[in-house]
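The chains referred to below are lettered A, B, ... by the order of the sequence lines, with proteins before strands, and numbering in each begins at 1.
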Amino acid sequence: MRDLKEYEEEIYRCSQCNFCLALCPVYREDLVESSVARGRLNLIQAALLERTVPATGRVRELINRCLLCTNCVQGCPSGIPVDDIVRAARHELLKEHGPLWPEKLLFRQVLKRRPGASSAARAVTWLRRFNLLPGRIPPLADPPFAERVPCGSSRAGGGRARVAYFVGCGTNYLYPDTGAAVLKVLGENQVEVIIPEEQVCCGMPALAHGDFDAAAEAVRVNAGILASLDVDAVVTDCTSCGYMLRSKAAGVLPPDDPCLTQVLAVAGKTVEITEFIAGMGLNDIPASKPLTVTYHVPCHRSWSPGLVSAPERVISHLAGVQLVPLQEPERCCGAGGTFFLTHSALGEEIRERKLNDILKTGAQMVITQCPACRYYLTEGLKGRGSLQVVHPMVLLAGLPAPAE
Amino acid sequence: MISISGLFRDLTALVDRRRVLAQREDLLAYANDATPRRVLPAAVVLPANPQETAAVLQYANRRRIPVVPRGAGSGLAGGATPCEGSIVLDLKRMNRIIEIDRQNMTAVVECGVVTGRFHSEVESLGLFYPPDPQSMSVCTLGGNVATRAGGPRGVKYGTTKDYVLGVEAVLPDGSIIKYGGKSVKMSSGYDLARILTGSEGTLGVVTRVMLRLLTLPPARQTLVAVFPELDSSAEAVSAIIAAGAGPSMLEMLGRGAVDCIESYVPLGLPRDAEAFLLIEVDGPPEKVERDCALTGEICFRHGAREVRVARDAAEAAGIWSARRALFPAAARQARNLLIEDATVPRTQVPAMVRAIARIAERNQVTIGVSGHVGDGNLHPGIWADRRDPELMRRVGQAMAEIAREALKLSGTLSGEHGIGYLKSPYLEWEFGAEGVALMRRIKKAFDPEGIMNPGKIWPGGETGRAGS
């Protein structure tokens, strides 16, 4: 990942139009301009580049008060890569202050899924039980998805295509049902699936916290594994993993890194699973009961233009299922990866708007391709009716969503 | 001079402490608007109602602390740029639409309501609020009133000033005045609403606005006409208006502007033409059809080599959003961009465009010209770079020459952005010593201590303070 210094020109290029004001979910809640991209860029410039303002605790607070949802980036008239700049600023702060221990545990042990990862995950479960972790860490699947399915092997039912399935941490640790649904739908549609052994976290969480070294290591490991496979596509059920594999991974490595060719090869093949299915068409149309669903669009969507419309396209095959439009479907739900853990009150305020919009639709189910959104919305909807939040693949597979 | 901690303590006695910012880290976000100058204020206050606004103003007035009202901080003339030691009043918290009255076709809004949001609210009721500054996704109605903001629809519908029926405003001494209301006619006393409209926060703080609404035109159609020559396009503009086609928007883009847009949002426009007219007609469907045909015919008669009519609403929306993207697209190419706002009578547009080209050459600066040609409001975009003082000097010179030229052609310094600090040095060129003297007396009547937005409209550090 580029050093903050290398973004100096880009920060300077910000036209200061302040159009990001309309796009920032954090600003929408606190109405303070230091929460918005323009203000944050000016702060980063002064405190971490020009060093005319000391890098105080408030500087850190403001730099961390960003969901990295990329809504401002997607709407930025000047095309400033605000999220990259915020990550680089966090990296800068990390260099100065070092990572916190929960982050170290998470990025360097659990998400690496190395031998011992399961015990690390179990450790998280224990620490969580005794309230020793900050915020509300979600319960982890035991065993994780990767231990439930035979890895490495090609699965039966090939013919139409051959894909590698990149299993994100969301599916592995939180929602194994998404993984099961992906395998079922691909299998029923004559797609041969390889689940590469020893794949690790995509590196996005580490990157978001400015831990560039951990991110680079993850990128190298995954690229080495995925590039060596003879497959038509690398599919992922997680929009943030896809964003990482497709758009961000190459930037994590130095320009002369020997892995770069592999990273770019993988980037070119990465497809979000719903979009993959929508493009391929379904062989077997599953029977479906009458159901109304609404679609919450994940923030990390810009890496693939067809991703946003894909759920609607696949749902149109299900005779009984009706899609009810959500107001501002692309507005962030407040989860922001792990943002909701460190900014719980703010996250809940952002989520509340989303929950109200969801409830207004009267839908019986919410679909979204992001496991963090799924978790956070599910938590928010507890005690407010029987709405379930699932990945579109779960719906398509006709699997019952697990009882929460 | 009061200390920052003293100021913070005093302000938090007036307003909830969560709505007072005094840490430098936060103030950096308020150091500028969309213009290059950056000055850290001493504090930012986010009042929730006119009473809090009054309390802060009264306090500042007693201590002669400058106050800078702020909407979205998206202004292009520098009206919301803080000055040394000032209190910035961020007015975006007062963001309620109080009332939309369908029978009287009026609305009452707080100053912080975002213009684009107001558009969707009134349009969902079949009503129409025409002023359409291109920053409408963020800019506030209060900011629009303060700058008399307008946009492409100005050619048919005028600008913000034509819709303000009344205001509620807080004066520097803390008194709250109300002027006007739902009466469309009003011939009673001095028009205080008009005086405050366009005063750029130099007289008081507008906290509430009563606005006039129209009915939403049932149909609209968009055309793009391609001209090999600038002059013929300008003749077409005058002819279209003279023929009574009544376009609701009539924009001109130069070749440079089209290059700029095409590299950002490709519309597939030819790159070898000198001028493009983007035209919208609106009204009842049969009138739209007739005006559209008439407009196209006039364009051809004046040498257009191609006229495209948008196939559907989506294509039309694409064309206008590309037009809106011009400022940002240009901003991608220039380091910093200063958008000029000189406005001339529509027949003088070709003369003005040529003068701008000469000014650019003479001062060795890059200037892209586009604008709301139907009302003579040009937006020369001057490429600047804050870090290059020598270039900034030439940019300043070019701006001054553009101002002079516009006035020479019977135009005005600003069509819709305001004077701010960027054009304050030229004020007297437009109004003469007598005109400026009268304005100064008005300023003193409202703001005897000269605390309101010093350095805006009035040149340099001049505050208009009594006795100075």
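Of all the listed residues (B:Arg324, B:Arg38, B:Arg19, B:Arg18), the one sharing the greatest number of non-hydrogen pairs under 4.5 Å with chain A is B:Arg38. With chain B as the partner, the residue from A:Ser78, A:Pro54, A:Gly79 showing the most heavy-atom pairs under 4.5 Å is A:Ser78.
The salt bridge (Lys or Arg N to Asp or Glu O under 4.0 Å) search around B:Glu25 returns none, not counting sequence neighbours. For B:Asn49, the side chain to side chain donor-acceptor pair (under 3.5 Å) test picks out no residue, with sequence neighbours left out.
Nearest approach of B:Ser137 to A:Ala22, heavy atoms of both residues: O-CB, 3.3 Å.
Between A:Arg58 and B:Arg24 there is no side-chain heavy-atom pair separated by less than 4.5 Å. For the pair B:Asn32/A:Arg38, a side-chain contact is recorded, criterion being any heavy-atom separation below 4.5 Å from C-beta on. In this structure the side chain of A:Leu62 reaches within 4.5 angstrom of the side chain of B:Asp26, judged on heavy atoms. A heavy-atom distance below 4.5 Å is found between the side chains of B:Asn95 and A:Leu31. Annotation: side chain of A:Thr56 is not in contact with side chain of B:Gln23 (no heavy-atom distance under 4.5 Å). Residues A:Tyr27 and B:Lys92 form a side-chain contact, since some pair of their non-hydrogen atoms from C-beta on lies under 4.5 Å apart.
Residues of residues 323-332 of chain A never come within less than 4.5 angstrom of chain B, heavy atom to heavy atom. Taking non-hydrogen atoms and a 4.5 Å limit, the residue list of residues 72-81 of chain B in contact with chain A, ordered by number, reads B:Ala72, B:Gly73, B:Ser74.
Here the CG atom belonging to A:Asn42 is positioned 12.5 Å from the CG atom belonging to B:Leu27, to the nearest 0.5 angstrom. Atom CG of residue B:Asn336 and atom CZ of residue A:Arg13 lie 11.5 Å apart, to the nearest 0.5 angstrom.
Counting non-hydrogen atoms of neighbouring residues, nucleotides and ligands closer than 6.0 angstrom, the CD atom of A:Glu312 reaches no more than 12 such neighbours. At most 12 heavy atoms of other shown residues, nucleotides or ligands fall within 6.0 angstrom of atom CZ in B:Arg17. For A:Lys95, the NZ atom counts as densely surrounded, since its 6.0 Å shell holds more than 12 non-hydrogen atoms of other residues, nucleotides or ligands.
With a 4.5 angstrom heavy-atom cutoff, A:Leu43 touches chain B via backbone and side-chain atoms both. Both the backbone and the side chain of A:Val32 come within less than 4.5 Å of a heavy atom in chain B. In this structure, no portion of B:Leu337 lies under 4.5 Å from any heavy atom of chain A. With a 4.5 angstrom heavy-atom cutoff, A:Glu9 touches chain B only via side-chain atoms.
B:Tyr30 places no side-chain N or O within 3.5 Å of a backbone atom of A:Ser34 that could act as its donor or acceptor partner.
Salt bridge annotation for B:Arg387-A:Glu8: absent, with no cationic side-chain nitrogen under 4.0 angstrom from a carboxylate oxygen.
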